[in-house]
Number of protein chains: 2
Amino acid sequence: MESLLLIFKALSDRNRLRILHALVAQKELCACQITELIQVTNATASRHMGVLINANLVQRRKKGRWVYYQLHTENQGVENVFTWIEKKLKEDPEALLDLISLEEITRCGPEEICKKHKTLKFCSKQ
Amino acid sequence: MESLLLIFKALSDRNRLRILHALVAQKELCACQITELIQVTNATASRHMGVLINANLVQRRKKGRWVYYQLHTENQGVENVFTWIEKKLKEDPEALLDLISLEEITRCGPEEICKKHKTLKFCSKQ
DNA sequence: TGTTTATTTAGCCAAGTGTCTAAGTATTAT
DNA sequence: ATAATACTTAGACACTTGGCTAAATAAACA
């Protein structure tokens, strides 16, 4: 009962659902990329990631200063939740916009977006 | 995105998860039975049912003074959520206790439980 | 018709939650 | 060693949510 509640609570926030969806699409993301995607402070993004980890939906690995997050696919039975979310958001406008942003964030971004540029530079060091 | 959030929010409360699980087990329950199961006031139970209905997880039908609730199984893609919850709670102590309570509530209960007795009498009128 | 019963809705309050700023921790660069 | 960088944690605040009581609504009964 507790683990189910943790999962549902974790996913009942819009930004966390967006993060989860992004991880379905992109397998692994760095903290700064997530921060950029959902447009909150790094502190808020970090808090959110803690909730997803605590719910056993996401895993974390550290490489130097950088922290990378992936879906916790070894968590039994949770994979169909990920599939279900992917399916449900397949044609959702907001979710599609996120995927477009994600492309930019994880690829060479425009130089005028100083923060994004920095983000790309650091994260491609993996 | 909105419908997913509504679903996750609806299921992120313990009592609502218990109600949902009970409906998985028992197909249809009356408001008074739900009230008895989760041990809150009728007003609170009614509030919870409103949330589940609003999330399109549950449907309501009225018969005279009595209101019956069932899972909204025609809601596309939500059936595997029900199945997943059932699976996850298969051996959960708290959920099993609920199923035992549910047996009592939906069957002839002990006479000393005056409220339960009344409940059974009314609900068997369907 | 008035009374009783079952349920829903409204209003209030305490607890929970998302976001921010600031401080703290760990890693890298100078 | 100090400074810079990336991220986490702490504390505060505004907003949301679960539970209660009371009022309102609908249906059945006398």
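Excluded from the calculations below are hydrogen atoms, water molecules and symmetry mates; all remaining heavy atoms, backbone and side chain alike, are included. Chain identifiers are assigned alphabetically (A, B, ...) following the order of the sequence lines, protein sequences preceding nucleic acid strands; residue numbering begins at 1 within each chain.
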Nucleotides 19-22 of chain C: which of its N/O atoms have a protein N/O under 3.5 Å away?
unit_1 : atom_1 : unit_2  : atom_2 : d
C:dT19 : OP1    : A:Asn15 : ND2    : 2.8
C:dT19 : OP2    : A:His48 : NE2    : 2.3
C:dT19 : O4     : A:Arg47 : NH1    : 3.1
C:dC20 : OP2    : A:Thr41 : N      : 3.2
C:dC20 : OP2    : A:Thr41 : OG1    : 3.2
C:dC20 : OP2    : A:Thr44 : OG1    : 2.8

- Item | Derivation of the side chain to side chain contact (heavy atoms under 4.5 Å, CB included) call for A:Glu28 and A:Arg61 | CA-CA 10 Å; A:Glu28 185 170 73; A:Arg61 73 176 175 97; 2.8 Å; yes
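Atom-to-atom, NZ of B:Lys63 to P of C:dT7 comes out at 14 Å; the value is rounded to the nearest Å. B:Leu11 places its CG atom 11 Å from the P atom of D:dG18, with the value rounded to the nearest Å. Between the CZ atom of A:Arg65 and the C1' atom of C:dT30 there is a distance of 11 Å, given to the nearest Å. What separates CG of B:Leu52 from P of D:dT17 is a distance of 14 Å, to the nearest Å. The CG atom of B:Asn54 sits 13 Å away from the P atom of D:dG18 (whole-angstrom rounding). When the C1' atom of D:dG18 is taken as reference, atom CE of B:Met49 falls 15 Å away, rounded to whole Å. What separates OH of B:Tyr68 from P of C:dT7 is a distance of 8 Å, to the nearest Å. Here the P atom of nucleotide D:dG18 and the CG atom of B:Leu17 are 13 Å apart, to the nearest Å.
A search for side-chain contact (heavy atoms from CB on, under 4.5 Å) contacts involving B:Glu86 returns B:Val24, not counting sequence neighbours. The salt bridge (Lys or Arg N to Asp or Glu O under 4.0 Å) search around A:Arg60 returns none, not counting sequence neighbours. Residues passing the salt bridge (Lys or Arg N to Asp or Glu O under 4.0 Å) test with B:Asp98, sequence neighbours excluded: B:Arg18. With sequence neighbours excluded, the residues satisfying salt bridge (Lys or Arg N to Asp or Glu O under 4.0 Å) with B:Glu2 are A:Arg14.
In this structure, B:Tyr69 reaches the C:dT8 phosphate: one of its side-chain N or O atoms is under 4.0 Å from OP1 or OP2. Checking the phosphate oxygens (OP1, OP2) of C:dT7, no side-chain nitrogen or oxygen of B:Arg60 falls inside 4.0 Å. For D:dG18, one of the phosphate oxygens OP1 or OP2 lies less than 4.0 angstrom from a side-chain nitrogen or oxygen of B:Arg16.
Residue B:Lys62 is the one, among A:Lys9 and B:Lys62, whose nearest nucleotide of DNA chain C lies closer to the 5' end (criterion: closest heavy atom).
Sorted by first and then second residue, the ring-ring contact (aromatic ring centres under 6.0 Å, His included) pairs with a member in residues 76-100 of chain B read A:Phe8-B:Trp84; sequence neighbours excluded.
The minimum heavy-atom distance linking A:Lys88 with B:Ser3 is given by the pair NZ-OG, 4.3 Å.
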